[in-house]
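Worth saying up front: this structure is predicted, and the values here are computed from it rather than measured. Convention: sequence-line order gives letters A, B, ...; per-chain numbering from 1. Heavy-atom basis, side chains included; hydrogens, waters and symmetry copies ignored.
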Protein chains: 2
Amino acid sequence: MKNLKKEDYQPLDEETLFVVSQTFKALSDPTRIRILHLLFEKECSVTEISNCLELKQSNVSHQLRFLKQLRLVKYRREGKTIYYSHDDEHVINTLQQTIHHAKHH
Amino acid sequence: MKNLKKEDYQPLDEETLFVVSQTFKALSDPTRIRILHLLFEKECSVTEISNCLELKQSNVSHQLRFLKQLRLVKYRREGKTIYYSHDDEHVINTLQQTIHHAKHH
DNA sequence: TTATAATATGAATATATGATCATATTAAAT
DNA sequence: ATTTAATATGATCATATATTCATATTATAA
């Protein structure tokens with residue numbers, strides 16, 4: 001197959017491109033990776049995340065909103081406290097695997 | 001395990017965090033995704049990529065440099081032409097799977 | 001050795017992003 | 001009803017990023 005032209009190639013549709021790029025964008029920031037990695041351990045409140053990772057509360061809140069929009073995390077309320085946890089197995093597996101891969105290379 | 005504290009949690013080391021975030025950053029841009037996706041089909045020259053995806057040559061060149069630095073693509077020279085192809089199975093698999101996942105949800 | 005084709009590079013710029021501050025909202029306790 | 005604790009939001013700012021233009025480099029052909 002020499003001289004590949006536009007006609008010979010099935011391009012990615014706009015929507016898939018958007019979803020995929022957004023998904024990886026979520027995983028491309030150290031702060032969000034740290035938050036998601038912490039949530040591997042267990043469900044956490046915003047304050048717990050802040051303390052554990054030494055991040056400002058508003059920073060954590062903003063990042064969680066981002067992750068929530070992409071449905072990578074879910075939450076439940078208990079009084080004044082809101083507990084966050086993972087909500088996308090595929091993305092979580094991807095992150096786990098890539099962390100493992102990075103550590104062993 | 002209630003009240004998770006700093007002491008109870010094994011944080012990600014700086015280097016892993018950097019490698020992982022950089023890897024996902026590479027996959028977070030639509031243009032780079034399109035280039036990598038095109039390279040699924042076959043090895044391509046810079047000009048082929050430009051034509052096929054309707055991108056400026058310099059843009060393609062810049063993105064390829066980025067991908068090259070992260071060793072996600074490799075290249076070989078043939079006269080004036082330089083052919084690019086994939087160079088990281090793990091990352092390629094990750095991208096393939098995530099595209100597939102995005103298409104079927 | 002000059003011209004041409006393919007690719008790379010650097011500067012400039014517009015936009016996106018992450019972090020922070022101040023403040024708003026929500027729920028519970030006094 | 002106030003106060004306090006937990007979380008969310010909006011504005012701002014500094015930095016990062018993607019794209020483009022113009023030009024440089026590299027290799028072949030005439």
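- Proximity of B/Arg32 to the phosphate of D/dT17: no side-chain N or O atom is located under 4.0 Å from OP1 or OP2.
- To the nearest 0.5 angstrom, B/Asp87 atom CG is 11.0 Å from B/Leu39 atom CG.
- Each of A/Gly79 and A/Lys56 has a nearest nucleotide on DNA chain C; the 5'-most of these lies closest to A/Lys56.
- Taking a 6.0 Å sphere around OH of A/Tyr75, one finds it holds 12 or fewer heavy atoms contributed by other residues, nucleotides or ligands.
- The side-chain contact (heavy atoms from CB on, under 4.5 Å) search around A/Arg77 returns A/Ile82, not counting sequence neighbours.
- Here the P atom of nucleotide C/dT15 and the NZ atom of A/Lys25 are 15 Å apart, to the nearest Å.
- Put simply, CD on B/Gln69 is 12 Å from P on D/dT17, counting in whole angstrom units.
- For the pair B/Leu27 CG and D/dA18 P, the interatomic distance rounds to 12 Å; values are reported in whole Å.
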Report task. Quick one, give me the B/S/- string for nucleotides 6-11 of chain D, reading 5' to 3', where B means a protein heavy atom under 4.0 Å from the base and S means that only happens at the primed atoms, P, OP1 or OP2. Result -> SBBBB-
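- Atom CZ of B/Arg76 is separated from atom C1' of D/dT26 by 17 Å (rounded to the nearest Å).
- Other residues, nucleotides and ligands contribute over 12 non-hydrogen atoms within 6.0 Å of the CZ atom of B/Arg76.
- Atom pair A/Gln63:CD and C/dT20:P shows a separation of 10 Å (rounding to whole Å applied).
- Rounded to an integer number of Å, the gap from B/Leu55 CG to D/dA18 P is 13 Å.
- Ring planes of A/His100 and A/His104: tilted class, angle from 30 to 60°.
- Screening residues 13-35 of chain B for ring-ring contact (aromatic ring centres under 6.0 Å, His included), with sequence neighbours left out, gives A/Phe24-B/Phe24.
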